[in-house]
Amino acid sequence: MSDTPRVSFEFFPPKDEDGEAKLWHTVARLEPYCPSFVSVTYGAGGSTRERTSRIVKRLARESSLTPAAHLTCVGATREEVDDIVREWQAAGIKHIVALRGDAPADAEKYEPHPGGYANAAELTEGLRRIGDFEISVGAYPDVHPDSPTPAADLENLKRKIDAGATRAITQYFFDADTFLRFRDVCDKAGITVPVVPGILPVTNFKTVVRFSNACGAIVPAWMAELFDGLDEDPETRQLVAATTASDLCMKLMEEGVEDFHFYTLNRPQLTAAICRRLGLRPEMEAAA
């Protein structure tokens with residue numbers, strides 16, 4: 001077992017020129033930590049597909065990073081999705097994060113697109129027919145909000161893996177035991193692909209609570225107490241957030257976890273601080 005973990009980072013596509021500059025600053029700041037890969041998300045309802053495509057192609061061309069493109073089933077036929085995949089394949093993209101996706105903002109619930117892939121398992125099967133991709137899929141330690149039971153959620157994860165997924169990346173969580181229990185459940189279910197914990201450094205606690213209410217992640221009471229009163233104190237909040245996420249990762253490392261996927265929110269300072277706390281050093285510094 002290595003003394004330092006392997007890491008990967010998630011970015012999201014910018015909405016405007018300021019966001020574009022922020023994204024490439026984030027890439028430049030985190031690239032020296034030599035992540036296993038970096039992923040680029042879709043917006044809700046597949047709304048940023050073109051920007052995601054442009055960014056992963058540029059990452060493949062202009063950086064040392066291995067880009068993974070998020071792909072959802074929302075808002076496109078199978079043929080349209082397959083065309084996007086072949087376009088990425090031609091651009092050298094070899095890793096795809098296959099997700100069902102969320103319903104568009106104007107829809108009450110997710111409905112498969114007519115003629116589209118119905119879910120992430122079908123999407124994974126489609127990717128396997130096109131090429132030999134590395135395929136990551138989502139996993140939910142606190143159970144996906146659309147799943148009726150934990151058992152149904154686990155069965156859905158198994159379907160995705162049986163369809164050809166090579167890795168599962170979890171939704172974020174804040175208690176180490178949440179992930180460790182989920183890992184045990186996956187082991188007992190015969191899931192043998194890596195299950196990588198997704199880590200969300202807290203940049204804004206109210207926003208985290210809102211996200212969590214939508215995606216089913218549990219925010220423990222101790223976190224509310226810890227971040228109480230820090231909305232107007234960003235420097236202290238940053239220190240608390242870095243310490244909280246670092247402690248979580250170190251507890252997981254003590255239990256044999258060697259890989260972490262960071263949801264950066266295109267804010268590199270927190271993620272860089274956590275990487276350093278875990279013993280990682282930028283490549284240029286390590287060579288000095």
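Listed by first then second residue, pairs satisfying salt bridge (charged side-chain N to carboxylate O under 4.0 Å, His left out) with a partner in residues 63-76 number zero, not counting sequence neighbours. Applying the ring-ring contact (aromatic ring centres under 6.0 Å, His included) test to every pair with at least one member in residues 51-93, sequence neighbours left out, gives no pairs at all. For residues 159-169, the pairs satisfying side-chain hydrogen bond (donor to acceptor under 3.5 Å, both in side chains) are His95-Arg167, Glu134-Arg167, Ser136-Arg167, Asn156-Arg159, with sequence neighbours left out. Applying the salt bridge (charged side-chain N to carboxylate O under 4.0 Å, His left out) rule to pairs touching residues 59-72 yields Arg58-Glu62, sequence neighbours excluded.
Heavy atoms only, all atoms of each residue included: Arg128 and Gly164 are closest at NH2-O, 2.9 Å. When all heavy atoms of Gly138 and Leu157 are compared, the closest pair comes out as O-CD1, 3.8 Å. Between Asp153 and Val143, the closest heavy-atom pair is OD2-CA, 3.4 Å. Nearest heavy atoms, Cys73 versus Ala118: SG-C, 4.5 Å. Annotation for Ala60 and Ala91: closest pair CB-O, 4.1 Å, computed over non-hydrogen atoms. For Thr4 against Gly279, the heavy-atom pair with the smallest separation is CG2-O, 3.4 Å.
Taken together through direct or relayed side-chain contacts under 4.5 Å among Ile, Leu, Val, Met, Phe, Trp and Tyr, Tyr33 and Phe37 form parts of separate hydrophobic clusters. Put simply, Val195 and Val7 are part of the same group of oily side chains (I, L, V, M, F, W, Y) that touch within less than 4.5 Å, one to the next. Follow the hydrophobic side-chain contacts under 4.5 Å out from Val257 and you reach Val193 in the same cluster.
Side-chain contact check for Leu71 versus Leu127: some heavy-atom pair is nearer than 4.5 Å. Looking only at side-chain heavy atoms (C-beta outward), Ile191 and Leu154 come within less than 4.5 Å of each other. By the 4.5 Å heavy-atom criterion applied to side chains, Arg181 and Asp184 are not counted as neighbours. Counting heavy atoms from C-beta on, the side chains of Glu80 and Thr77 come closer than 4.5 Å. Using a 4.5 Å heavy-atom cutoff, the side chains of His261 and Ser39 are in contact. Using a 4.5 Å cut-off on side-chain heavy atoms (C-beta onward), Val27 and Pro268 make no contact. You'll find the side chain of Gln171 stays beyond 4.5 Å of the side chain of His144, heavy atoms only. At least one side-chain heavy atom of Leu278 sits under 4.5 Å from a side-chain heavy atom of Ile274.
Asp146 and Tyr140 share no side-chain donor-acceptor pair at under 3.5 Å. No hydrogens or angles considered: nothing links the side chains of Glu10 and Thr264 as a donor-acceptor pair under 3.5 Å. For the residue pair Tyr172/Ser212, the side-chain donor-acceptor check at 3.5 Å is satisfied.
Applying the ring-ring contact (aromatic ring centres under 6.0 Å, His included) rule to Phe173 yields the partners Phe179; only residues at least two apart in sequence or on another chain are considered. Residues forming a salt bridge (charged side-chain N to carboxylate O under 4.0 Å, His left out) with Arg78 (at least two apart in sequence, or on another chain): Glu122. For Lys57, the salt bridge (charged side-chain N to carboxylate O under 4.0 Å, His left out) partners at least two apart in sequence or on another chain are Glu87. With sequence neighbours left out, the salt bridge (charged side-chain N to carboxylate O under 4.0 Å, His left out) criterion links Asp177 to no other residue. The salt bridge (charged side-chain N to carboxylate O under 4.0 Å, His left out) search around Arg29 returns none, not counting sequence neighbours.
When atom types are taken as modelled, the side chain of Ser147 and the backbone of Thr149 share no donor-acceptor pair closer than 3.5 angstrom. At least one donor-acceptor pair closer than 3.5 Å links the side chain of Thr170 to the backbone N or O of Gly198. Side chain of Thr26 to backbone of Asn266: a donor-acceptor contact under 3.5 angstrom is found.
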Step-by-step side-chain contact (heavy atoms from CB on, under 4.5 Å) determination, Cys275 to Phe9:
CA-CA 11 Å; Cys275 286; Phe9 305 133; 4.0 Å; yes
Take Tyr117 and Asp82 through the side-chain contact (heavy atoms from CB on, under 4.5 Å) test and state the conclusion after the steps.
CA-CA 10 Å; Tyr117 290 107; Asp82 290 353; 2.7 Å; yes
Check the pair Leu265 / Leu200 against side-chain contact (heavy atoms from CB on, under 4.5 Å), numbers first and verdict last.
CA-CA 9 Å; Leu265 302 181; Leu200 177 68; 4.0 Å; yes
Report the C-alpha separation of Asp247 and Arg277 in whole Å, then their side-chain angles, then the decisive distance to 0.1 Å, and conclude whether the salt bridge (Lys or Arg N to Asp or Glu O under 4.0 Å) test is met.
CA-CA 9 Å; Asp247 288 348; Arg277 183 92 190 278; 3.5 Å; yes
Let me see the working for Asp83 and Arg86 under side-chain contact (heavy atoms from CB on, under 4.5 Å), right down to the final yes or no.
CA-CA 5 Å; Asp83 286 345; Arg86 291 189 179 96; 4.0 Å; yes
Return all side-chain donor-acceptor pairs below 3.5 angstrom for residues 11-23, not counting sequence neighbours, or 'none' if the list is empty.
unit_1: Asp16; atom_1: OD1; unit_2: Asp18; atom_2: N; d: 3.2
unit_1: Asp16; atom_1: OD1; unit_2: Gly19; atom_2: N; d: 2.7
unit_1: Glu20; atom_1: OE1; unit_2: Arg54; atom_2: NH2; d: 3.3
unit_1: Glu20; atom_1: OE2; unit_2: Trp24; atom_2: NE1; d: 3.0
unit_1: Glu20; atom_1: OE2; unit_2: Arg54; atom_2: NH1; d: 3.0

Check: residues 213-242 side-chain donor-acceptor pairs under 3.5 Å, at least two apart:
unit_1: Asn213; atom_1: ND2; unit_2: Val209; atom_2: O; d: 3.3
unit_1: Trp222; atom_1: NE1; unit_2: Asp175; atom_2: OD1; d: 3.1
unit_1: Asp231; atom_1: OD2; unit_2: Lys206; atom_2: NZ; d: 3.4
unit_1: Asp233; atom_1: OD1; unit_2: Thr236; atom_2: N; d: 3.4
unit_1: Asp233; atom_1: OD1; unit_2: Thr236; atom_2: OG1; d: 3.1
unit_1: Asp233; atom_1: OD2; unit_2: Thr236; atom_2: OG1; d: 2.8
unit_1: Arg237; atom_1: NE; unit_2: Thr203; atom_2: O; d: 2.9
unit_1: Arg237; atom_1: NH1; unit_2: Leu230; atom_2: O; d: 3.1
unit_1: Arg237; atom_1: NH1; unit_2: Asp231; atom_2: O; d: 3.2
unit_1: Arg237; atom_1: NH2; unit_2: Thr203; atom_2: O; d: 3.3

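Summarising the geometry, atom CG belonging to Asn204 is positioned 9.0 Å from atom CZ belonging to Phe211; distances are rounded to the nearest 0.5 Å. Taken to the nearest 0.5 Å, the OG1 atom of Thr124 stands 12.0 Å off from the CZ atom of Phe133. Taking CD of Glu255 as the reference point, atom NZ of Lys251 lies at 11.0 Å (rounded to 0.5 Å). Ser36 contributes atom OG, which lies 11.0 Å from atom CG of Leu65 (distance to the nearest 0.5 angstrom). The distance from the CD atom of Glu50 to the CD1 atom of Ile55 is 12.0 Å, given to the nearest 0.5 Å. Atom CG of Asp259 is separated from atom CG of Leu252 by 11.5 Å, given to the nearest 0.5 angstrom.
In this structure, Leu99 shares a hydrophobic cluster with Val97, the cluster being traced through Ile, Leu, Val, Met, Phe, Trp and Tyr side chains under 4.5 angstrom apart.
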